[in-house]
Amino acid sequence: SKGPLPFLEPLRWLSSWWTQVSHGLCPKGCWMSRVVSLASPGTSPVHIVLQYLSWMLSGMAPRLRILWEWGTGCSSMGEWANKYPEKAWSFRRLVVASIAWVNRRHAIFKQYPFKLFALVDQGISGVERVALRRDFQRQRQCCLRRGLAQSLHAYQLKVDLLKGKGQALLVGIAAAMDTAN
């Protein structure tokens, strides 16, 4: 037996989140539009998984106990890594590969126009919202993805995306994206 693979747990959780979303369900803890929750670092399942995988790399995640306690007799992660350096190296490599896979698979949600949906998340601070809007305003239109991102960039010159019509537009687009299958 090769033993437990704790780095797979967050990937399974993320796959489960997507499965629930694809069936029109709102996963546990999802209280807003799924597009908005993906765009906001505080609620993004992608961000949560990346944080957890990074925590695993630090050696501090509690679930790592099953690596060094399960059949090895080691009393700490450091002892396990010193006693089994090739296993520790392989484990780190698998975690880094998992991080790369999650980043690659979900990179689109870190780009415009998807990043803009965080503007309608009432869970982020006003300072973060203003900084996000300012970052979007600084983007050159030619560098944005064609379609919605470029259209919103042109639209925001007329309407403030943090107020009234701008907020209503973003909420409407997020709702339409949530219901589209």
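Every value quoted in this text rests on a predicted model; they were computed, and no experiment measured them. Throughout, residue positions are numbered sequentially from 1 according to the sequence presented.
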Please tabulate, for the side chains in residues 163-174, all donor-acceptor contacts under 3.5 angstrom to protein atoms that are two or more places apart in sequence or on a different chain.
unit_1: Gln167; atom_1: OE1; unit_2: Arg129; atom_2: NH2; d: 3.3
unit_1: Gln167; atom_1: NE2; unit_2: Leu119; atom_2: O; d: 3.3
unit_1: Gln167; atom_1: NE2; unit_2: Leu161; atom_2: O; d: 2.7

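- Partners of Arg92 according to the side chain to side chain donor-acceptor pair (under 3.5 Å) rule, which considers only residues two or more places apart in sequence or in another chain, do not exist here.
- Counting only heavy atoms from C-beta outward, the side chains of Arg145 and Gln111 approach each other to under 4.5 Å.
- Atom CG of Leu11 sits about 9.5 Å away from atom CD1 of Ile99, to the nearest 0.5 Å.
- Ala39 pairs by the side chain to side chain contact (heavy atoms under 4.5 Å, CB included) definition with Phe117, Ala118, not counting sequence neighbours.
- Remark: Phe91 engages no residue in a ring-ring contact (aromatic ring centres under 6.0 Å, His included) (not counting sequence neighbours).
- Partners of Arg65 under the salt bridge (charged side-chain N to carboxylate O under 4.0 Å, His left out) rule, at least two apart in sequence or in another chain, are Glu69.
- Cluster membership check: Val95 does not share its hydrophobic cluster with Trp89, using side-chain heavy-atom separations under 4.5 Å among Ile, Leu, Val, Met, Phe, Trp and Tyr.
- Each side-chain hydrogen bond (donor to acceptor under 3.5 Å, both in side chains) pair with one or both residues in residues 74-88, not counting sequence neighbours, appears once here: Ser75-Glu79.
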Please list, one pair per line, the donor and acceptor atoms closer than 3.5 Å that link side chains of residues 53-61 to other protein atoms, with sequence neighbours excluded.
unit_1: Ser54; atom_1: OG; unit_2: Leu50; atom_2: O; d: 3.0
unit_1: Ser58; atom_1: OG; unit_2: Trp55; atom_2: O; d: 2.6
unit_1: Ser58; atom_1: OG; unit_2: Met60; atom_2: N; d: 3.3

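- Taking the side chain as every heavy atom from C-beta outward, Trp17 and Val49 never approach each other to under 4.5 Å.
- Heavy atoms only, all atoms of each residue included: Gln139 and His153 are closest at O-NE2, 2.9 Å.
- Scored by the side chain to side chain donor-acceptor pair (under 3.5 Å) test, Tyr52 finds no partners at all (sequence neighbours excluded).
- For Arg140, the side chain to side chain contact (heavy atoms under 4.5 Å, CB included) partners at least two apart in sequence or on another chain are Cys142, Cys143.
- Looking only at distances, no side-chain donor or acceptor of Ser44 sits under 3.5 Å from a matching main-chain atom of Ser40.
- The side chain to side chain contact (heavy atoms under 4.5 Å, CB included) test applied to His106 returns Leu14, Trp18, Val46, Val102, Phe109, not counting sequence neighbours.
- Here the side chains of Phe136 and Pro113 are not in contact, with every heavy-atom distance at 4.5 Å or above.
- Atoms CG and OH, on Leu144 and Tyr112 in that order, are 8.5 Å from each other to the nearest 0.5 Å.
- Without hydrogens or angle criteria, Glu128 side chain to Ser125 main chain gives a donor-acceptor distance under 3.5 Å.
- Residues passing the salt bridge (charged side-chain N to carboxylate O under 4.0 Å, His left out) test with Arg63, sequence neighbours excluded: Glu9.
- Considering only residues two or more places apart in sequence or on other chains, Arg105 meets the side chain to side chain donor-acceptor pair (under 3.5 Å) condition with none of them.
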